[in-house]
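Please read the structure below before turning to the comments.
Because only heavy atoms are used, hydrogens play no part in the values below, and waters and symmetry mates are left out as well, while side chains stay in. The chains referred to below are lettered A, B, ... by the order of the sequence lines, with proteins before strands, and numbering in each begins at 1.
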Amino acid sequence: MEMLDKTFNPELIEDKWYQYWIDKKYFVASLKKKAKPYCIVIPPPNVTGSLHMGHALNNILQDVLIRYKRMQGLNTLWMPGTDHAGIATQNVVEKQLAEEGINRKDIGRERFIERVWKWKKESGGIIINQLKGLGASCDWDRERFTMDEGLSRAVREAFVDLYKEGLIYRSNYIINWCPRCHTALSDLEVEYDEKVGKLYFLTYPVSNSKRKLIIATTRPETMLGDTGVAVNPTDRRYKDLIGQKVLLPLVNREIPIFADSFVDMEFGTGVLKVTPAHDPYDFELGLKHDLDTINVMDEDARMNESAGVYKGIERFKCREKILADLSNQGFLKKIEDYTHQVGHCYRCKTFIEPRISEQWFVKTKPLAESAILSVKNGKTKIFPAMWEKTYFEWMENIRDWCISRQIWWGHQIPAWYCRDCGEIIVEKVTPERCFKCGTSNIEQESDVLDTWFSSSLWPFSILGWPEQTEELKIFYPTQVLVTGFDILFFWVARMMMMGLKFMNKVPFHHVYIHALVRDSEGQKMSKSKSNVVDPLIVMKKYGTDAFRFTLTALAVQGRDIKLSEERIAGHRNFANKIWNASRFVLLNIGEFKTFNIEKITKDLSLRERWILSSLHRAIIEVTRDLDSYRFNDAAYHIYHFIWHEFCDWYIEFVKPTLYNKKDPFYDFAKFILTHVLETILRLLHPFMPFITEEIWQKLPKSGESITIENYPKSKPKYFDKNAEDKIEIIKQAITSIRNIRGEMNIPPGREIEIQIRCSNKETEKLFNANKSYFLKLCKACNILISTHIDRPKSAAIGIINCGDIFIPLEGIIDFKEEFRRLEKELARTTQDLNSAVKKLCNEDFLKKAPQEIISKEQKKHDELIEKKIKLESNLKKIKELDTE
RNA sequence: GGGCGGAUAGCUCAGUUGGGAGAGCGUCGGCCUUACAAGCCGGAUGUCGCAGGUUCAAGCCCUGUUCCGCCCACCA
């Protein structure tokens, strides 16, 4: 038998086994396998990114699921891939260029894109290798990239189809503009932060009148673009002014005063300045009331020629200047502190500037309908279900999706403009000439698509769509999507819409929404906050298995994870525990007989029947937990069984047998010990793939890898309540004796004599048959078990349900110590008894509670009474002895 | 403004149809007992945020409330 090293060193085995699995092609999905398909598509990480805690959690959970299902014999496919991450990647490369003193515009679009591809080539493999380091069992042969040829084709196909159906349109509209990235953003890409700013009260004189309107605004610099002033139609203060005009200060432009019920009379002075070019709602008001639109800023958010003397000034500098000018001319009434939400770019944090421009949009309402329905009718289920509410709320109030970006890295929109006749041509195949006027003087739209547009097609584009591939036929819809709630709208919602649109089927049956890994203060980990815990460092320090197990054990539904290193260290210890338990097994089994487990169950000893029962209970719990995505419970059940049943008790119980060839259960014990360990390894493998493979390979086996072995199945025939109850009684007795030893400060080395007075013949028989456990686990030299034992004169006593335990301590016993110990126990017993009595005296309880509960309470009551009497009589005896 | 989540042992957190409050870490006492000191044995520790209600019975269900976190939203 091959042995294990004395200590577990994860570093020595991880790469070895990962390579082995790859070489053996265990992760490659089959198109011929008849088994039920089970597919997960990876949330594609940014191709140039590197692994952070969020990735780690996300991919570990996916790997647990896919390994579990693979072992269960399903036809599994975990599709990997990466995302081109438009703005994010472009920003990275722009920064690199900036270091060389180059602006992207200096080198032009083509060369810039080449540069990005180069960077992708250099760094694109990093995240993939890190995923492999986690043990991710993806089908790497099928790895995809959102900008590879096939997926680009899918993007074009989808875009053109949607356009032709009128679900994509082009429009001049006010959008969120990032003055730094120089691009439009969707509503989701704007993040709002609470900022303490100012509310400025400006004076707008009414034309041909002595009256003045006081107007509150947070953005005085936009006044240059004001084209109207609005009041609430029911506001008595201003009713008479509706239809009149005000003279805009500094600009001296006359603009109309009009009424709209949107205006809140309570806010500020109840008068709203309207700047259609620089505020989304003002834009709507402008359309509604046919106001002029005056854009006063350029794409850098500097004032433009419409701003007159302010031209060229940056927007916030301009604000100061305008305030100074207004103040000098007596138009600034007052300034108040004001806290409000300010939007900034989710990629570069620059303040967003609303801007009117020509953009492409997806008409989302029609797509959202079926996406809502599919969740309502359960075609797609979200775990935990509370997220369904959030999903519905967003979907039901969905707004059109701005999909064009004025950047270079991404899928260029397949639209062409005819320079001669102005026709817009949208085609899957690049057109040679204008369909309308026939000229070849056409130019492709320079905008690219929002990264999330290609992501929304991911579950089917990755499987080969628009080709009708075998993969698509077999694996779509996928089984489960595992992701964080932060991209529920960005990604999940949009995949639902596109999947239903193009495949007519939901993209996944289940969505498991996991937590975000946060720092100790509950903050999202991010580089800018420098609160990032690097998974790679942790993995190296504690081992990948320990790291995986930790995140799995912390993956509670509906709650964020605050990661602590102690927890990981704890699971490193767990891995070590498994390692050493396995060492013990390998050191002791030697050559042993194998049996047919199915046939010997009845012949086994109590101990073996118990551990098998306990094992199968653990199996049923773990499978149930995994099937309902209760990862933390699954991890707990495994942990508890391995450490606190198998190691703490079974291995200790089995030792006397292993050391005694003449023991009638000698062969059985060796066999069952090995069998249980082997089963544990399979049960644990999805969570800790490396250590389980390493140990499994050293056990007597027939297969080539635990990765492709069957996942344990619980079988009812192994459940043995009788054995569990009996072992429980033995454990209780042993714990009671150990408790006395501990509390009475009996040195562990000192052997003691034990007498157990059993309350019935059955217990007497049970204890006698298992005497060896007491000798070994209580360090006893002599043990007397009988229903007829008189209490020794000087003895410590332990009271258990089925009898009394006496430890004669002639000469050693500290009466005061023993007295205190028993008194403490008596107090506790009395308290429990009182609560039981109270319940049993309650007529309503007896009348209304289920019989099962009542008899349980009655039994408890009887046991407590008996215990109390015994404790009292013993206390009395000790008192007598002590005074002698 | 709307919605969601959290408040349980010193710390981080479990607790799935309501029926004897748990784990890990920490802590205290004792052990290098030939698988494991990354370990073993034992001990201590909780008005389950607050106030009501339903129930024979509430950490769990209902109502209200405080504090913390998050998401959504067009009050400038």
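Summary of the strand contacts: A/V556 and A/V585 both lie near RNA chain B, and taking for each the nucleotide with the nearest heavy atom, the more 5' one is attributed to A/V556. Remark on RNA chain B: of its neighbouring residues A/N580 and A/L554, the 5'-side contact belongs to A/L554, judged by nearest-heavy-atom nucleotide.
Comparing B/rC41, B/rG24, B/rG42 by their nearest atom to the side chain of A/Y639 picks out B/rG24. Each of B/rU16, B/rA76, B/rC36 was ranked by its minimum atom distance to the side chain of A/D633; first place goes to B/rU16. Proximity note for A/P748 (side chain, C-beta onward) versus B/rA44, B/rC31, B/rA76: the nearest is B/rC31. Closest to the side chain of A/P850, out of B/rC75, B/rG19, B/rA14, is B/rG19. Nearest nucleotide to the A/Y636 side chain, out of B/rA35, B/rG42, B/rA23: B/rA23. The A/L272 side chain lies nearest to B/rA76 when the options are B/rG39, B/rA44, B/rA76. Of the listed nucleotides (B/rG6, B/rC4, B/rC74), B/rC4 has the atom at the smallest distance from the side chain of A/M386. Between B/rC56, B/rC40, B/rC74, one nucleotide has an atom nearer to the side chain of A/Y281 than all others, and that is B/rC74. Comparing B/rC74, B/rG39, B/rC75 against the side chain of A/N573 picks out B/rG39 as the nearest. With B/rC75, B/rC56, B/rG24 as the choices, the nucleotide that has an atom nearest any side-chain atom of A/D844 turns out to be B/rC56.
A distance of about 13 Å separates the P atoms of B/rG24 and B/rG43, rounded to the whole Å. Using P as the reference atom, B/rG5 and B/rG64 are 15 Å apart when rounded to the nearest Å. When the P atom is used for both B/rC41 and B/rU16, the distance is 29 Å, rounded to whole Å. Look at the P atom in both B/rG20 and B/rA58: the space between them is 11 Å, to the nearest Å. Atom C1' of B/rG46 sits at a distance of 14 Å from the matching atom of B/rA7, rounded to the whole Å. One C1' atom belongs to B/rC61, the other to B/rG69, and the distance between them is 25 Å to the nearest Å. Comparing the C1' positions of B/rA21 and B/rU63 gives an interatomic distance of 25 Å, to the nearest angstrom. For B/rA23 and B/rU45, the P atoms lie 13 Å apart once the distance is rounded to whole Å.
Side-chain contact between A/F631 and A/Y512: present, with at least one pair of heavy atoms (C-beta onward) separated by less than 4.5 Å. The shortest side-chain heavy-atom distance between A/H340 and A/E194 does not fall under the 4.5 Å cut-off. A/D279 has its side chain out of reach of A/P354: every pair of non-hydrogen atoms, C-beta onward, lies at least 4.5 Å apart. Here the side chains of A/I513 and A/L488 are in contact, with some heavy-atom distance below 4.5 Å. Annotation: side chain of A/W177 is not in contact with side chain of A/I352 (no heavy-atom distance under 4.5 Å). Side-chain contact between A/F547 and A/Y542 is absent, with no heavy atoms from C-beta onward closer than 4.5 Å.
At a threshold of 4.0 angstrom between heavy atoms, the contacts of A/R399 are confined to the sugar-phosphate backbone, with no base atom among them. Residue contacts for A/F489: at a heavy-atom cut-off of 4.0 Å it reaches the sugar-phosphate backbone alone, with no base atom in range. Using a 4.0 Å heavy-atom distance criterion, A/K860 is classed as a base contact. Nucleic acid contact class of A/S564 (heavy atoms, under 4.0 Å, all strands): none. Backbone-only engagement by A/N739 is indicated by non-hydrogen atom pairs under 4.0 Å involving sugar-phosphate atoms exclusively. When heavy atoms are screened at a 4.0 angstrom cut-off, A/L488 is found touching no nucleic acid atom at all. Counting any heavy atom pair closer than 4.0 Å across all strands shown, A/K859 reaches no nucleic acid atom. Using a 4.0 Å heavy-atom distance criterion, A/E857 is classed as making no nucleic acid contact. Nucleic acid contact for A/S628: none, since no nucleic acid atom lies under 4.0 Å from a heavy atom of the residue. Contacts of A/Y659 with the nucleic acid, taken as non-hydrogen atoms under 4.0 Å apart, involve only primed sugar atoms and P, OP1 or OP2. The residue A/R828 sits close only to the backbone: its heavy atoms come under 4.0 Å of sugar-phosphate atoms, none of a base. Counting any heavy atom pair closer than 4.0 Å across all strands shown, A/R738 reaches sugar-phosphate atoms only and no base atom.
When the side-chain nitrogen and oxygen atoms of A/R750 are compared with OP1 and OP2 of B/rU33, none of them lie within a distance under 4.0 Å. Taking 4.0 angstrom as the limit, A/W394 places none of its side-chain polar atoms (N or O) nearer than this to OP1 or OP2 of B/rC4. The phosphate of B/rA35 (OP1 or OP2) has no side-chain N or O of A/N588 nearer than 4.0 angstrom. Contact between the side-chain N/O atoms of A/R630 and the OP1/OP2 oxygens of B/rG15 is found at a separation under 4.0 Å. For B/rC68, the OP1/OP2 oxygens have no side-chain nitrogen or oxygen of A/R559 closer than 4.0 Å. Taking only side-chain nitrogens and oxygens, A/Y192 never comes nearer than 4.0 Å to OP1 or OP2 of B/rC70. The side chain of A/K655 contributes an N or O atom lying less than 4.0 Å from OP1 or OP2 of B/rA35. OP1 or OP2 of B/rA76 lies within a sub-4.0 Å distance of a side-chain N or O belonging to A/Y338. Phosphate contact (OP1/OP2 of B/rA73, side-chain N/O of A/N397, threshold under 4.0 Å): absent. Within the structure, every side-chain polar atom (N or O) of A/H644 is placed at least 4.0 Å from both OP1 and OP2 of B/rC40.
A cation-pi contact, defined as under 6.0 Å to the ring centre and within 45° of the axis, is absent between A/K198 and A/Y338. Because its NZ or CZ atom is both nearer than 6.0 Å to the ring centre of A/W649 and within 45° of the ring axis, A/R738 counts as a cation-pi partner of that residue. A cation-pi arrangement is present between A/K655 and A/F584 under the rule of less than 6.0 angstrom and at most 45 degrees off the ring axis.
Scanning atom types as modelled, no donor and acceptor separated by under 3.5 angstrom connect the side chain of A/K389 and the base of B/rC4. The base of B/rA35 is paired with the side chain of A/E652 by a donor and an acceptor separated by under 3.5 Å.
In this structure, A/D337 atom CG and B/rA76 atom C1' are separated by 17 Å, rounded to whole Å. For the pair A/K562 NZ and B/rG6 P, the computed distance is 13 Å after rounding to whole Å. In this structure, A/I398 atom CD1 and B/rC74 atom P are separated by 14 Å, rounded to whole Å. Here the P atom of nucleotide B/rC72 and the CD atom of A/E189 are 13 Å apart, to the nearest Å. Rounded to an integer number of Å, the gap from CD of A/Q858 to P of B/rG20 is 16 Å. Taking atom OH on A/Y391 and atom P on B/rC71, their separation rounds to 20 Å, with Å as the unit. In this structure, the CZ atom of A/F845 is 12 Å from the P atom of B/rC56, given to the nearest Å. Across the protein-nucleic acid pair, A/K273 atom NZ and B/rA76 atom P stand 12 Å apart, rounded to whole Å.
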Item to check | CA sep, side-chain torsions, deciding dist, call: A/V229, A/F258, side-chain contact (heavy atoms from CB on, under 4.5 Å) | outcome: CA-CA 6 Å; A/V229 166; A/F258 63 97; 6.0 Å; no

